[in-house]
Amino acid sequence: MTFPSHRPLLGYLGSINPQTGGRPVACCARVGDQPVGLAVAEVAAGEPVAELLSVFVAADVRGRGVARRLIETLERDLAATGVTRVHAVYMTGRPSIPALERVFHHRGFSDPARRTVVVRFTPEEAATTEWYRRARLPAGGEVFAWKDLTAAERSELQQSQAERPWIPPDLEPWRCDDRFDETSSVGLRKDGQVVGWVINHPIAQGMICFTTSFMRADLARRGGIFPLYVASLERLRGTGVTCTFVTAAHFESMVRFVLRRCAPYISFCGETRGVYKMLPAPAARA
Ligand SMILES: CC(C)(COP(=O)(O)OP(=O)(O)OC[C@H]1O[C@@H](n2cnc3c(N)ncnc32)[C@H](O)[C@@H]1OP(=O)(O)O)[C@@H](O)C(=O)NCCC(=O)NCCS
């Protein structure tokens, strides 16, 4: 009745989750002796904030208000222990999402807000997009395997960034090139300098995540990063892997690119959404 990754939390009800320091809370619905629904949340360590992690209702009793009651009860239990805010993040693309959003609406949560756009695709699907066929390396550009980045190139990147920052901190390659996928992670040298990278990580059997991609600003205009994506994807063709790519909603131009120029060609395009609700403080309820 909950995701495998959340199951261990049920062993820490009434105590502390040693992994996070948070306090797991759950609420169960029964018909007679039969459990038919479960909502699981965790109260953050040292904060009056809880995250609703999952809600599940057995298929044969759906549509009868069970989830609504579960959330209502959970909210009451949380508020009684001083929690003032509950939030949830979920992924679209499953048949139950409209029902889930209806439950949040009924319980007075905020309207769902997009947090990230998530795509999953095969290298072969990517190869059918228009941008894939049009991608061209800049003059003097050479793609190399990221595992072949030299120590001198790495320290030059770090030094130039320290002297005159030109890479958004989140995209600095040394933050993300631990245990990267050696097959598909690539860089671009132009006129002897490293100016871009696409660094990927294996996240599950047969699944590669495109984690960090960057191209120097003067080369990034009009799809300057595409040839690096293509070089990376070409290295994955025929291997049977699925790729995934997650874009935060505030990268608006990337979101537009993914929705307009990738989504029509690929297996899955969804988004994570977030909702929240402020709970009444204990004094206000009294
Ligand atoms: C999402 C889920 C928990 C809802 O449980 P539930 O007990 O059926 O929910 P409720 O009966 O309290 O409310 C469902 C509401 O959605 C509405 N609804 C059901 N299907 C809908 C649909 N396809 N589109 C729009 N609304 C829908 C119902 O009519 C009801 O609204 P109403 O009270 O205004 O009539 C249940 O479908 C489920 O367990 N799904 C599988 C697990 C899952 O995906 N969980 C969410 C992520 S963790």
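Quick caveat, the model's predicted, so the values are computed rather than measured. Start at 1 and go down the list; that is how both ligands and their atoms are numbered.
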Parallel, tilted or perpendicular, as decided by the 30° and 60° cut-offs, for the rings of W131 and Y229
perpendicular
Does a salt bridge link E271 with R115, judged by any charged N lying under 4.0 Å from a carboxylate O?
no
Just jot down the side-chain hydrogen bond (donor to acceptor under 3.5 Å, both in side chains) partners of T20, sequence neighbours excluded, or say none.
N17, E42
Within 45° of the six-membered ring axis of [Y] and under 6.0 Å from that ring's centre, is NZ or CZ of [X] located there?
X	Y	answer
R85	Y276	yes
R189	F144	yes
R261	Y132	no

For ligand 1, list every N/O pair with the protein closer than 3.5 Å, one pair per line with the distance.
| from | atom 1 | to | atom 2 | distance (Å) |
| --- | --- | --- | --- | --- |
| ligand 1 | 7 (O) | A67 | N | 3.0 |
| ligand 1 | 8 (O) | G63 | N | 2.7 |
| ligand 1 | 11 (O) | G63 | N | 3.3 |
| ligand 1 | 11 (O) | R64 | N | 3.2 |
| ligand 1 | 11 (O) | G65 | N | 2.7 |
| ligand 1 | 12 (O) | A67 | N | 3.4 |
| ligand 1 | 12 (O) | R68 | N | 3.0 |
| ligand 1 | 33 (O) | R68 | NH2 | 2.8 |
| ligand 1 | 33 (O) | H106 | NE2 | 3.3 |
| ligand 1 | 34 (O) | R102 | NE | 2.9 |
| ligand 1 | 34 (O) | R102 | NH2 | 3.2 |
| ligand 1 | 34 (O) | H106 | NE2 | 2.7 |
| ligand 1 | 37 (O) | S96 | OG | 3.3 |
| ligand 1 | 39 (O) | V57 | N | 2.7 |
| ligand 1 | 39 (O) | V57 | O | 3.3 |
| ligand 1 | 40 (N) | S96 | OG | 2.8 |
| ligand 1 | 45 (N) | V55 | O | 2.8 |

